[in-house]
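Notes follow the structure.
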Amino acid sequence: MKPHSLKYTLIFAMLGVILLLGGGIWLKAGHSPAAWTAAAPKEAKSPAVIPRQQPVQSTYPEEAMSPPETEALSQRVVEYHMDVQLLPDTGTLTASETLTWTHPGKKPVQELYFHLYPNAFASADTTFMKESGGKLRGDSMPAGGYGSITLTDLRTSEGVSLMQRTQYVQPDDGNVHDRTLLKVHLPQPVNGGESVTVRLKFEVKLPKIFARMGTADRFVMAGQWFPKLSVYEPAGRRGLKEEGWNLHQYHGTSEFYSDFGIYNVTISVPPGYIVAATGFPVKDARLAQGRKIYQFYADDVHDFAWAASPDFVVAEKAFSAPEVPGVRIKLYLDPLHKNLQERYFQAAEAALTAFSKWYGPYPYSTLSIVVPPESGNGAGGMEYPTLITAFGAAEASPGTSLERTIIHEIGHQYFYGMLASNEFEEAWLDESFTSYAEDRLMEQEYGVAASLPLQSSLVSSSQPLNLETWKYSGDDAYTRNVYIRGKLVLKDIERITGAKNMDAILSAYARKYRFKHPSTADFQKIVEKVTKQSWQTYFDRYVYAGGAPDFAVDDIRLSASEAGGSEAPGYKAVVDVSNKGTLYSDVPVKFTFSDGYTVQQYWNGEGKSTSFELAYKAPLVSAEIDPMHSVLLESRHLNNFRMAGLEERTLSRWTLSATTLLETLLGTLGW
C-alpha cells in the first residue's frame with residue numbers, strides 16, 4: 001500500500017519535483033477452457049458427526065465448476081467458491097461462499113477462524129476506528145459512513161448449522177466491541193492433510209470509502225469484503241517451532257496475511273456496471289434476469305478483490321517481455337483520466353519488465369489497474385493479487401505521482417502478492433522492499449531520484465522493523481519506520497555490500513521464497529549466503545532493534561606554533577567526536593581549513609568517542625561528520641557540524657567559504 005496522508009502527499013509530491021490475450025497465449029499458458037479439469041484439494045471431509053439434518057433450501061456456489069489445469073505454484077491451502085450480488089441502491093452485497101481448507105499442519109484442529117474485515121467500520125468503538133481515529137492516509141470516515149458484515153448462515157457440507165458454534169475473539173486487545181475475528185468450533189477435528197468444507201451466507205453493508213473499501217457515488221471497491229480464513233502456520237514457517245493459527249484483529253495500521261489458494265467468483269451487478277477483479281474472466285459477461293453476470297477465476301493468489309462502476313473507461317493491451325511471457329494489462333479509468341491511458345500502460349510495462357527481471361517472472365496472465373474517481377480516493381493506492389488501484393483522479397494532468405503510484409503498487413505484486421509475508425507482524429518485508437524497488441525504477445525510468453537524507457530526517461523515532469504494526473508508538477511511527485527506515489536499511493546494506501551484491505541478495509530472496517511466506521530471518525539468511533559472512537550484529541542493531549547512529553562533533557581545540565627560522569607559522573587542532581546512538585563503522589569526517597583546503601578521514605566507529613589530531617599551515621575552521629549524508633540510518637544531522645573558535649580576522653576571511661559550505665549542505669538535503 002502507498003502511504004497517503006496529507007502530510008505524505010506533500011512530502012512525496014515534493015520528492016518528485018526537486019483475459020483477454022490472443023487464443024495462442026491462453027493455450028500456451030495452460031488456460032484452454034476445453035482442457036480444464038479439477039485441480040482442487042482432495043475431497044473435502046465433513047466435520048459433522050451428529051445425525052444429518054433435513055437439507056436447508058438455500059443456494060451456495062457450486063464446487064463442481066472445474067478450474068483450469070495448471071501447475072500449482074503454491075500449496076493452495078484454501079479454495080473459495082463465491083457468488084456475490086451488488087445492490088448499489090442500498091450499498092450492500094449479498095453473497096454465499098463455499099470454502100474448502102486443507103490442513104497444512106500435523107496436529108488435529110477443531111476450530112476455524114475467519115477474518116470479518118468489514119466489521120472494522122461498524123462503529124467508532126472497533127479496534128480499527130479507535131486506533132486510526134477514523135482517519136487513514138489523509139481520508140476520514142464520512143459522517144454516517146459506517147459499514148459491517150453479517151454472517152447469516154454457516155453450515156457443514158452436509159447442511160449441519162454451525163451458527164451456534166461461533167464466537168467473536170479479540171486476541172490482541174480484548175476489545176469486546178471489535179468483531180473482526182470469528183472463531184468457529186467444528187463438531188469433529190480435522191487432522192493434518194485432511195480437508196474440511198463449510199458453506200456460508202453473508203451480507204455486507206458497504207461503508208463510505210475511506211479505508212480501502214466501500215462506495216463513493218457510483219464507484220464500488222470490494223476489498224477484504226468476504227469471510228476470509230485466517231492462516232494456520234505449520235512448524236518451520238517463519239521459524240516457528242510450534243504450529244498454530246496466526247490470529248490478529250484488524251488494526252488501524254495493519255494490512256493482511258492469508259494463505260494461497262483458488263478463487264472462483266461470480267459477481268452480479270446492474271446491467272450498466274463494469275467489473276474489474278482479481279484473476280481473469282472465465283467467460284464473457286452475460287445478462288440474466290435484468291442483471292449482468294461476471295465470473296472470475298484465479299489460482300495461486302491469497303486474496304480476491306473487485307471494483308465496479310458504470311463510469312469506467314476501459315482499455316486493454318497485450319504485453320510481453322523476456323521475463324513476462326504474456327499478460328493482458330487492463331485499465332479501468334475514471335473518465336477524467338481517459339486520455340492518460342498511454343501513461344498508465346507505459347508505467348505498468350516498465351514495472352513488469354524491471355521487477356520480473358530483478359525478482360522473478362510475473363506468473364499471472366492479467367494485471368488490472370483501477371483508477372477511482374476523486375471521491376473514491378480512499379480506495380486508491382492499494383494492492384491486491386493481479387489488481388491494483390491508482391490514486392483517485394483529481395487532476396487531468398497529474399505529475400509523476402501517477403507513475404510512482406503505479407510502479408509502487410505493481411511492486412507489491414512481488415513482495416506482497418508472491419512472497420506473501422505476514423503483514424500483521426513484519427510489514428516491512430512488503431512495504432520497505434516495495435519502496436526500495438519503486439525508488440530504483442523511478443530513477444532508472446524517469447530520472448526522478450529520491451532525496452534519501454531528507455527522508456531519513458523524517459524518522460524521528462527509530463523502532464524495530466519486525467514489530468506488530470499496532471505496537472509502533474508516536475506520531476506516524478509506523479509509516480516512518482515501515483516505509484522509510486526499512487527502505488533506508490536496505491539502501492544501507494547496498495552501501496556496505498555494493499550494488500551488484502544487493503541485486504543478487506534481492507533476486508535470490510524473491511525467487512527462493514516465492515509463494516512461501518518468508519520472515520525477516522529468511523531474508524537475513526540470504527544476505528549472509530550471498531556475502532558469505534555473518535550479519536547477526538547488524539540485524540540485531542538495525543532490524544530487530546531500532547538502532548540509529550547519532551554522530552556529533554563535540555569540541556575543537558586549536559593551538560598555534562610560532563614561526564621558527566624559515567618555517568611559517570603552524571596550527572594544530574584536536575577534534576573530539578562521538579556517537580550518541582548505535583555503533584556504526586567507517587564514518588567519514590571532513591576537516592576544512594581557513595585557506596580552503598579540505599581533508600577527509602575515517603572513524604572506525606569503535607567505542608562511543610574518539611579524537612582526531614591535525615596539523616596544518618592554516619587554522620582549522622570546521623569539522624563535519626558524514627558530510628555527504630551517506631550514512632542513511634542517522635536521522636539527526638544538526639550536531640554533525642561544528643565550527644572552530646577563530647580570531648575575528650580569520651573568521652571574516654572564511655565567511656564566503658562557510659556560506660558555500662552551507663549551501664552545499666542544504667543542496668544535499670534538497671528535494
Side-chain angles (χ1 to χ4, degrees), residues 1 3 105 109-137 141 146-149 151 166-185 207 210-213 223-233 237-259 302-303 416 420-431 461 463-483 486 517 519-520 544 546:
M1 179 190 77
V109 168
Q110 200 159 357
E111 287 85 26
L112 300 179
Y113 290 86
F114 288 89
H115 292 289
L116 302 180
Y117 289 117
N119 279 343
F121 315 114
S123 75
D125 297 322
T126 70
T127 295
F128 183 99
M129 293 296 290
K130 290 172 70 174
E131 291 178 353
S132 68
K135 297 180 179 180
L136 187 69
R137 304 186 300 168
M141 167 66 82
Y146 292 116
S148 61
I149 182 171
L151 198 63
T166 64
Q167 176 188 356
Y168 292 105
V169 293
Q170 301 85 20
D172 297 326
D173 63 3
N175 177 10
V176 296
H177 301 291
D178 189 82
R179 295 188 169 191
T180 57
L181 191 62
L182 182 74
K183 179 173 74 172
V184 180
H185 186 78
F210 102 100
R212 306 185 183 97
M213 72 168 296
Q224 311 302 333
W225 57 279
F226 60 95
K228 188 195 299 185
L229 199 64
S230 298
V231 175
Y232 189 92
E233 298 185 300
R237 181 189 293 185
R238 301 194 307 117
L240 294 174
K241 295 181 179 179
E242 294 187 9
E243 64 182 73
W245 291 103
N246 186 269
L247 301 175
H248 295 297
Q249 300 154 240
Y250 193 8
H251 292 270
T253 52
S254 69
E255 293 192 22
F256 313 103
Y257 180 38
S258 304
D259 269 318
H302 52 80
D303 196 6
Y416 150 86
S421 299
N422 185 337
E423 290 197 86
F424 294 123
E425 300 175 8
E426 297 179 283
W428 88 288
L429 290 176
D430 176 31
E431 298 297 354
S461 174
Q463 299 178 37
L465 294 176
N466 61 336
L467 277 183
E468 293 167 328
T469 64
W470 57 96
K471 293 184 178 179
Y472 284 97
S473 59
D475 182 43
D476 292 327
Y478 163 76
T479 299
R480 297 185 186 199
N481 280 274
V482 167
Y483 285 86
H517 312 283
S519 67
T520 300
Y544 305 127

Between [atom1] on residue [X] and [atom2] on residue [Y], distance to nearest 0.5 Å:
X: Asn481; Y: Leu467; atom1: CG; atom2: CG; result: 8.0 Å
X: Asp430; Y: Glu255; atom1: CG; atom2: CD; result: 7.0 Å
X: Asp178; Y: Glu131; atom1: CG; atom2: CD; result: 8.5 Å
X: His185; Y: Thr166; atom1: NE2; atom2: OG1; result: 12.0 Å

Could you check if a side-chain atom of [X] sits within less than 4.5 angstrom of a side-chain atom of [Y], using non-hydrogen atoms only?
X: Pro227; Y: Ile149; answer: yes
X: Tyr250; Y: Phe121; answer: yes
X: Tyr168; Y: Val176; answer: no
X: Ser230; Y: Leu247; answer: yes
X: Trp245; Y: Val109; answer: yes
X: Tyr472; Y: Thr479; answer: no
X: Asp303; Y: Gln224; answer: yes
X: Phe128; Y: Thr253; answer: no

I'd like to check the side chain to side chain donor-acceptor pair (under 3.5 Å) partners of [X]; sequence neighbours left out, ordered by chain and number.
X: Gln170; answer: none
X: Thr126; answer: none
X: Lys135; answer: none
X: Ser132; answer: none

What pairs with [X] under salt bridge (charged side-chain N to carboxylate O under 4.0 Å, His left out), at least two apart in sequence or on another chain?
X: Arg237; answer: Asp259
X: Glu233; answer: Arg238
X: Arg179; answer: none

Testing the 3.5 Å rule here: is there a donor-acceptor pair between the side chains of [X] and [Y]?
X: Gln249; Y: Thr180; result: no
X: Trp428; Y: Thr520; result: yes
X: Asp173; Y: Thr127; result: yes

Checking [X] now: which residues fulfil side chain to side chain contact (heavy atoms under 4.5 Å, CB included) with it, not counting sequence neighbours?
X: Ser258; value: Lys228, His302
X: Lys183; value: Glu111, Tyr113, Gln167, Val169
X: Ser461; value: Gln463
X: Phe424; value: His115, Tyr117, Asn246, His248, Ser254, Tyr257, Asn422, Trp470

TODO: Report yes or no: does Ser421 contribute a side-chain atom to a donor-acceptor pair with the main-chain N or O of Glu423 at less than 3.5 Å?
DONE: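 No.
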Task: Candidate pair Val482 and Leu465, rule side-chain contact (heavy atoms from CB on, under 4.5 Å), full reasoning - done: CA-CA 6 Å; Val482 167; Leu465 294 176; 5.7 Å; no
- [ ] Answer yes if the ring centres of Tyr416 and Phe256 are under 6.0 angstrom apart, and no otherwise.
- [x]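 Distance test on ring centres: not under 6.0 Å, no.
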Open item on the list: Assess the residue pair Ser519 and Glu426 against the criterion (side-chain contact (heavy atoms from CB on, under 4.5 Å)); give the C-alpha distance rounded to whole Å, side-chain angles, the decisive distance to 0.1 Å, and a yes or no.
Closed with: CA-CA 7 Å; Ser519 67; Glu426 297 179 283; 3.6 Å; yes
